[in-house]
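Residue numbers begin at 1 in each chain, while the letters A, B, ... track the order of the sequences. Side chains included, hydrogens not; waters and symmetry mates left out as well; all remaining heavy atoms used.
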Number of protein chains: 2
Amino acid sequence: MINEHSLRAARAIDGERLWRRHAEMAKIGATQGGGSNRQALSPEDAAGRALLLGWARARGYAVSIDPIGNLFVRRPGTRADAAPVLSGSHLDTQPLGGRFDGVYGVLAALEVMEALDDSGIALPRPVELVVWTNEEGSRFAPVTMGSAAFAGALPLESVLATKDAAGLSVADALAETAVRCPVEGSRSFRFPVHAYLEAHIEQGPVLEAERKTIGVVSGIQGLRWYNVEVTGETAHAGTTPRARRKDALRAAIAMVTALEALTDDVADAIRFTVGRVEVRPNSPNTVPDRVLFTIDLRHTDAAVLDAITSRIDPICQQHRGPCAVRVTETINSKPTAFDRRIVGLVRAAAESLELSHRDIVSGATHDAKYMAPLYPSGMIFVPCERGVSHSEIENATPEDLAAGARVLAACIAELALE
Amino acid sequence: MINEHSLRAARAIDGERLWRRHAEMAKIGATQGGGSNRQALSPEDAAGRALLLGWARARGYAVSIDPIGNLFVRRPGTRADAAPVLSGSHLDTQPLGGRFDGVYGVLAALEVMEALDDSGIALPRPVELVVWTNEEGSRFAPVTMGSAAFAGALPLESVLATKDAAGLSVADALAETAVRCPVEGSRSFRFPVHAYLEAHIEQGPVLEAERKTIGVVSGIQGLRWYNVEVTGETAHAGTTPRARRKDALRAAIAMVTALEALTDDVADAIRFTVGRVEVRPNSPNTVPDRVLFTIDLRHTDAAVLDAITSRIDPICQQHRGPCAVRVTETINSKPTAFDRRIVGLVRAAAESLELSHRDIVSGATHDAKYMAPLYPSGMIFVPCERGVSHSEIENATPEDLAAGARVLAACIAELALE
């Protein structure tokens, strides 16, 4: 099913070069704990971009940038007017981020382009690498800002006006980045693309636990976020009988317990997390008058998400006791299903390369989410150590990274023949 | 049962003067929200002491101070060598404290001494007012520092070395206070005292709710504090199945729910409070790896406290799931029973003055706790608005404050005759 030609491209992947480049990129914004701090459009992010563009220019690839700072690196095809096969991810990190999240998808795409050159493979379609701006959203909200703006899901004007905690706008930070890392070509949003593929570490424990090398990503879970604010009344812990208390924490705990019961599915497919709790005044001898807790709920099936979320407010009201409660939805992101043909191609490539694999749904969101409605899109996952991500100790093996890049090379070569 | 002589002392209480002095004291360290900020041994605390001593000296009362800064104001008796009747409370406040907590017990005792003078009543025993240093414990830990040091429950040396958040020691702060508010006489710890009485706002809702003016305080609840630390593992909220999570918050919530079930007594006499919760990393999309919560448990009966506390660690272990848990006791304060004769005297005084009353156990701790083992001791409570205390909006009525001072006057006059 996969051409010998495409498998030759896969075998040309230089795993050692790919690993070395991760190490070089990690030096920029290196943290004491062995991770990286290259927040979006910071001087470190600009230095990371410049390092990448140095490698690209050494190969003679053309580089360009769009109005939100997404970078493109182009390996030409033999059919000058053909829409490119696009692949990439992001170089920005969390404040205490790892060496692989995002970086891998960028460096794997570059490695594919170089492997094609090294093995003298000419393809009809151009192959383009993309570096999406501000995927992490830790400096400027929201996450996946660059791909969302590219796709038209966020208006450019409001994105450019978004400010960081220090009051600097995205527009200002883009201007600073342009000085530090000049790019000659300019690009518009939503240009024609034949297919989009993104390689990424899993950011979860499944592949490692099941000893699979390749995750064939069928889609991205839907995500719903809620803030639940419970309001009671402060009271002295020593003097106030239970019957006279309006204990916001007691009510919040009853709500979370009931929501856990609702979401404890036998299949263990519902992801329900209360990750943040703020208690006021948070003093051992004062009955709390206000508790805020967050709900992060994910599932692959929009109908399941709708059924659960329709129960959140009623359950919170039912368990509020003498307190008041307000439930606010803060994120509603529908599930994404990737193109069936692309998903099949990734699976076939893993098979042909004799790599263990399994279908998997992405629990985290990715830039690919905004490409899926525009172009035939897909993702390739590789394992990461203990599923740990957004952490300085994030880790992956050179072998797994090379295997993922080989699958990416086979898929890109296959698609670029079409 | 109460002498006419003692009732005459009670009737000499000037409620208007008592109320006015609360307003004058509240001006020192006044907060925007209508409360007071006079933390222990601060310049404001020194100014509050100086205001009090001004009133005392105007009456010709002798003033003295002990090594931890407890202040004494003496109205002489006709029997020069008789042990005094001691009464007082504290002038220091929480950072955003109220106008009555502690202040009332000090000003009520002064009012009694002045009322005795005004009505020309001579008593065999001296009457002494005490201002205990640092009852609140908000600047220097622990609470009731002055009375504990006086009673020998805390060693003076370690108390003097205790530092505030800015690194200033109690010894330094006492020296500063001595410059700002000089006191001529010196006093030793644990001098002979005939009886100790402390008037205080209830700091709870019971008297107001039951429309009683006087709380006849039979004792102080026992208090146990625990820190419960639950340790799990961080994980990505989107990618980690429930079966692979070590969710410290989920475990903590199960523990608190089980502890609530243990302490939900029909009589509503157990005071169980979880007032503080710290969640790490406290991010909506990260499974928490560490939760610390506090337990504040109070009851009048040491046997009940022992029975409950023996179950805390087993219950936490039982509900820890895949996490680890460590339970640490941080406070173990036994219940205090006041002297039965003093309690009876307070009840009889309220009866004779035709004031509505009920027996009550103090939920909060007080300096009287450290007097009870040394001297026959008791307390008199008056209602406070909605039970609110340790708050700028703490409130009480002039009528209730005057009524409490009248009961105090009758009891002091009665005891000073003995």
- Message: Run the side-chain contact (heavy atoms from CB on, under 4.5 Å) test on A:Val206 and B:Thr239 for me, step by step, so that the C-alpha distance in whole Å, both residues' side-chain angles and the decisive distance to 0.1 Å come before the verdict.
- Response: CA-CA 8 Å; A:Val206 175; B:Thr239 59; over 6 Å; no
- Check the pair A:Val274, B:Arg250 against side-chain contact (heavy atoms from CB on, under 4.5 Å), reporting the backbone distance first and the verdict last. CA-CA 8 Å; A:Val274 175; B:Arg250 197 181 176 101; over 6 Å; no
- Item | Derivation and outcome, side-chain contact (heavy atoms from CB on, under 4.5 Å), residues B:Arg242 and A:Asp264 | CA-CA 8 Å; B:Arg242 202 169 60 248; A:Asp264 277 3; 3.4 Å; yes
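With a 4.5 Å cut-off on non-hydrogen atoms, A:Ala235 does not touch chain B at all. When heavy atoms are compared at a cutoff of 4.5 Å, A:Val287 approaches chain B by way of both its backbone and its side chain. B:Ala243 touches chain A through backbone and side chain together, each having a heavy atom under 4.5 Å away. Both the backbone and the side chain of A:Ile253 come within less than 4.5 Å of a heavy atom in chain B.
How far CD1 of A:Ile393 is from OG1 of B:Thr234: 7.0 Å, rounded to the nearest 0.5 Å. In this structure, CD in A:Glu233 is found 4.5 Å from CZ in B:Arg386, a value given to the nearest 0.5 Å.
Heavy-atom pairs under 4.5 Å with chain B peak, among A:Asn285, A:Thr286, A:Val279, A:Thr257, at A:Asn285. Per-residue heavy-atom pair counts under 4.5 Å with chain A were compared for B:Gln203, B:Arg276, B:His236, and the maximum is reached by B:Arg276. Taking chain B as the reference chain and counting heavy-atom pairs below 4.5 Å, the highest number among A:Asp265, A:Leu223, A:Val256 is found for A:Asp265. Ranking A:Gly204, A:Pro288, A:Ser283 against chain B, the residue ahead of the rest is A:Ser283, based on heavy-atom pairs under 4.5 Å.
Counting heavy-atom neighbours within 6.0 Å of B:Lys246 NZ, excluding the residue itself, gives a total of 12 or less.
Residue-level contacts of residues 289-302 of chain B with chain A, in order of numbering, are B:Thr294, B:Asp296, B:Arg298; threshold 4.5 Å between heavy atoms.
In terms of modelled atom types and a separation under 3.5 Å, the side chain of A:Asp268 and the main chain of B:Pro241 share no donor-acceptor contact. A donor-acceptor distance shorter than 3.5 angstrom exists from the side chain of A:Asn282 to the backbone of B:Val277, with no hydrogens or angles considered.
Using modelled atom types, one finds a donor on one side chain and an acceptor on the other under 3.5 Å when comparing B:Arg245 with A:Thr273.
Shown here for B:Arg271 and A:Ala237, the closest heavy-atom pair between the two residues is CB-O, 3.5 Å. In plain terms, the two heavy atoms of A:Gly238 and B:Gln221 that are nearest each other are O-NE2, 2.8 Å.
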